[in-house]
2 protein chains.
Amino acid sequence: MPTKKITKNTERCALQEILGVIGGKWSMSIIYALSHRTMRFSEIERMIPGINTRMLVKELKNMENNGIVTREVFATVPPTVEYTLTAKGKKLNPIIDELYKWGEEYVDKSMS
Amino acid sequence: MPTKKITKNTERCALQEILGVIGGKWSMSIIYALSHRTMRFSEIERMIPGINTRMLVKELKNMENNGIVTREVFATVPPTVEYTLTAKGKKLNPIIDELYKWGEEYVDKSMS
DNA sequence: CTGTATCCTCATCGATACTG
DNA sequence: CAGTATCGATGAGGATACAG
């Protein structure tokens, strides 16, 4: 991952760093899905309509690298993999929730 | 408000709607820049290192369309255009702030 | 079930030059 | 000063097939 060193433009660059971590198209949806409980890969996949395997794997991997989720593999047949939000990830929940409320109030007012 | 039963779909789709509005690379930076005061186009441009004219115009236009900023033109020579956060836009400030704090705590811990 | 491996499209973003 | 107008690059994201 491009962890480029920030030299000067602290605040605004930090925002872009953050977006690099959770600004992906599906990141927030995944965090939201995991907010209540640990889930298996296929559970997450089913909970997020529209996502495809590749993107889910990619986002989960990215989030794991950024310490937002943990990945636990069970040597069952067929294989079981569970994903859980870390403390770091959990802290995003209220924020995403606020964002969601903001959108509820404004963005999709006219939608059904 | 009707207690509309929120299906899994709508929630996640709403998140994507929201990201479509403020998920752009520069949106949050612009909101952050405007959080304290009204600014002219060139002021914003100078406040956000790395952005270029085209992107700033584009984002501002998008944000204007979404009711996040207002655009006011003064018929001076040379022309003056001022951008101001709307109430809707201002409500994003605490959220962005939280996001920033989250990043401050985690994202760039090991940097600079 | 949980991923990889490809291939491809398209929007996003950047650089630059120009205009009212 | 505050934008437009182009052109090009890049990579995020999607579809599908396949593997362990």
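In the text below, chain A, chain B and the rest are named by the order of the sequence lines, each starting its count at 1. No hydrogens, no waters, no symmetry mates; every other heavy atom, side chains included, goes into these values. A quick note: this is a predicted structure, and the numbers were derived from the prediction, not measured.
To the nearest angstrom, P of dT16(C) lies 14 Å from CD of E45(B). In this structure, CD of E72(B) is placed 13 Å from P of dG3(D), rounded to the nearest angstrom. If you measure from atom CD of Q16(A) to atom C1' of dG11(D), you get 16 Å, rounded to the nearest angstrom. Between the NZ atom of K61(A) and the P atom of dG3(C) there is a distance of 8 Å, rounded to whole Å. Separating the CD atom of E43(A) from the C1' atom of dC1(C) is a distance of 12 Å, rounded to the nearest angstrom. One atom, CG of L56(B), and another, C1' of dG14(C), lie 14 Å apart when rounded to the nearest Å. As rounded to whole Å, 10 Å separates atom C1' of dC1(D) from atom CZ of R46(B). Computed from coordinates, the I48(A) CD1 to dG13(D) P distance equals 13 Å when rounded to whole Å.
Comparing dG3(C), dG13(D), dG14(C) against the side chain of K25(B) picks out dG14(C) as the nearest. In the set dT4(D), dG14(D), dC1(C), the nucleotide with an atom closest to the side chain of P79(A) is dC1(C). With distances taken from any side-chain atom of T53(B) to the nucleotides dC1(C), dG3(D), dC13(C), the minimum falls on dG3(D). With distances taken from any side-chain atom of N52(A) to the nucleotides dA2(D), dT4(C), dA15(D), the minimum falls on dA15(D). Across dG13(D), dT2(C), dG14(D), the shortest atom-to-atom separation from the side chain of W26(A) is found for dG14(D). Comparing dC1(D), dG13(D), dG14(C) by their nearest atom to the side chain of P78(B) picks out dC1(D).
Between the side chains of N66(B) and N62(B), at least one donor-acceptor pair of N or O atoms lies under 3.5 Å. No hydrogens or angles considered: a donor-acceptor pair under 3.5 Å links the side chains of E59(A) and S27(A). In summary, the side chains of E64(B) and T70(B) do not present any donor paired with an acceptor at a separation below 3.5 Å, with no hydrogens or angles considered.
A donor and an acceptor atom sit less than 3.5 Å apart, one in the side chain of R54(A) and one in the base of dG13(D).
L85(A) contributes atom CG, which lies 6.0 Å from atom CG of N93(A) (distance to the nearest 0.5 angstrom).
Contact between the side-chain N/O atoms of Y83(A) and the OP1/OP2 oxygens of dG3(C) is found at a separation under 4.0 Å. The side chain of R40(A) places an N or O atom within less than 4.0 Å of a non-bridging phosphate oxygen (OP1 or OP2) of dT2(C). Distances shown here put a side-chain N or O of S42(A) below 4.0 Å from the OP1 or OP2 atom of dT2(C).
In this structure, E59(B) and E82(A) both approach DNA chain C, and ranking their closest nucleotides by distance from the 5' end singles out E82(A).
Using a 4.0 Å cut-off between a side-chain N of Lys or Arg and a carboxylate O of Asp or Glu, E45(A) and R40(A) do not qualify as a salt bridge.
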